[in-house]
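Worksheet: the structure to be examined is printed underneath.
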Amino acid sequence: MNYKEKYDVIVAGGGPSGIGAAISAARNGIKVLLVEQAGYLGGIATNGCVPAFCPYTDGEKLVIGGIGLEVLNNMKKECAESPFYDNKPGRLKEYDWVPIDPEVLKRVTEQMVVKSNCDLLLHTVITNVNYSDGRLESLVVHNKSGNFTIGARYFIDCTGDADLVAQAGGIYEYGDKDGLVQAGTLCFRIANLDIEKFMKYAKETGEDGNLNIAASKAKAMGEFPENERYVSGIALQGGGMAGLNFGHIYHLNPLDGEDLTRAEIEAREKLPELMKFLNKYVPGAEQAVLASSGPVIGLRESRRIVGDYKLTIEDYYKRAYFEDTIARYSYPIDIHAATPDEDDYGKNREYVTSRYKIGEAYSIPYRSLLPVGFKNLLVAGRTISSDRAMMASVRVMPACFATGEAAGAAAAICVKEGLDLRELPIQKLLETLSGQGAILDFQR
Ligand SMILES: Cc1cc2nc3c(=O)[nH]c(=O)nc-3n(C[C@H](O)[C@H](O)[C@H](O)COP(=O)(O)OP(=O)(O)OC[C@H]3O[C@@H](n4cnc5c(N)ncnc54)[C@H](O)[C@@H]3O)c2cc1C
């Protein structure tokens, strides 16, 4: 690695979108660097210990392929299959809600990135950008070697916070009309779960991944953890381990250091209470212990860029199709409450009742990856250009892999053909993505 040399593309952030972008660009034969502040890849999946991947299918067939599917398949090869979910209408066990083993995912994604010939720089925070006349020139980074700059021709912002856009003074949107964002959660893993006993109970009672029956019993006894309405999800990971997406931290600003500190402390303080509920009300979890949390609190919502096209809830309702569709997806609008007095699915019930039927999907256009005012910057992942409701669908990981992969392929074509991002021949991008296994064939 020689940072004095200019890269063709630098990808900022190694979460699902950054992994997709970096591998996609590097496999297209250009010189790519991926910069990540943590000591491993995976983004919120590993850093936030999220227990499962949201669906890769529309209930009957895959809608997300390419690099995202490769990551899923590579991880699954090394993991015990979850006994929890069976195929049922609208869910394909092989691809939908697959549990995540964060240790396997870290290694699998790292190996895929390295083997794609992408340079990788971990433990490195991007603190600023050098920018002039609509072009980013370099990133200012900090790591144990000190502060330095790294230049590139194109950049892809996959930071989950649109940091590059903000650092360059670009425009973005944030939160609801009151400036509030969805609650965060410190996900955690438990060990010593008697999976056989739990499965027997689940089969006999119809208990589901949200532990609704156990939660109702605890609520009736006044013993459900304070300010919680439900368990967002449990994913069984084999070997007596399970991942929990449980516990909301409200009123937080993911862009404020003090707020993040308060959120970490509040979330960790809550864990014994959550464990107490599991031990007492979930059969099989009587002897379960907290194995690990985090490592950091997971934040569901942050900046949304203002791009050439803003995906909106109307696009969701009409199952929109665009000539420049680079991905399609079908996950519902999933907005968690921002405050404890707001019912998760109360204020936003109109969206919840608009879940798609099996086989339906919407499209994501290339233009939503292009922040206005920038000539050589793409954005992928949860911060693409969308309204708040639509963000609550595109934010989940399969879609983030797909927008990342598209951004990486687009940047590679522009590098090789000497084009600006808005001169890119869309047909060429779609052919490249299809050749990589992305799923773009859909019914209009
Ligand atoms: C509590 C919670 C539960 C969730 N549950 C699910 C679920 O069940 N299934 C699902 O599919 N999705 C789930 N999601 C959503 C999903 O995990 C995220 O929306 C998704 O990971 C976003 O991907 P991304 O690539 O856009 O960003 P991220 O995953 O946030 O990755 C961004 C990366 O950039 C790095 N980075 C950020 N800033 C800098 C910087 N300045 N310098 C260097 N590196 C930087 C970060 O360290 C991180 O690795 C959940 C999210 C949360 C918070």
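All residue numbers refer to positions in the sequence shown, counting from 1. Scope of the values below: all heavy atoms of this structure, side chains included, with no hydrogens, waters or symmetry mates. In each ligand, atom 1 is the first atom listed, and ligand 1 is the first ligand listed.
Evaluation of the ring-ring contact (aromatic ring centres under 6.0 Å, His included) rule for Y40 yields no partner, not counting sequence neighbours.
Salt bridge R262/E266: present, at least one basic N to carboxylate O contact under 4.0 Å. The existence of a salt bridge linking R388 and E301 is confirmed by a sub-4.0 Å separation between a basic side-chain nitrogen and an acidic carboxylate oxygen. Between R303 and D163, at least one side-chain N (NZ, or NE/NH1/NH2) sits under 4.0 Å from a carboxylate O, which counts as a salt bridge.
Under 4.0 Å from any atom of ligand 1, one finds heavy atoms of residues G13, G14, G15, P16, S17, E36, Q37, G43, I44, V50, A52, F53, C54, W97, T124, V125, I126, C158, T159, G160, D163, T185, C187, N245, G298, L299, R300, G381, R382, R395, V396, M397, P398, C400.
The salt bridge (charged side-chain N to carboxylate O under 4.0 Å, His left out) pairs that include a residue from residues 8-17 are D8-R153, where partners are two or more places apart or lie in different chains.
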Let me have the donor-acceptor pairs involving side chains of residues 236-245, under 3.5 Å, with sequence neighbours excluded, atom names and distances please.
{"residue": "Q237", "atom": "OE1", "partner": "R189", "partner atom": "NE", "Å": "2.9"}
{"residue": "Q237", "atom": "OE1", "partner": "R189", "partner atom": "NH2", "Å": "2.8"}
{"residue": "Q237", "atom": "NE2", "partner": "I100", "partner atom": "O", "Å": "2.6"}
{"residue": "N245", "atom": "OD1", "partner": "R300", "partner atom": "NH2", "Å": "3.1"}

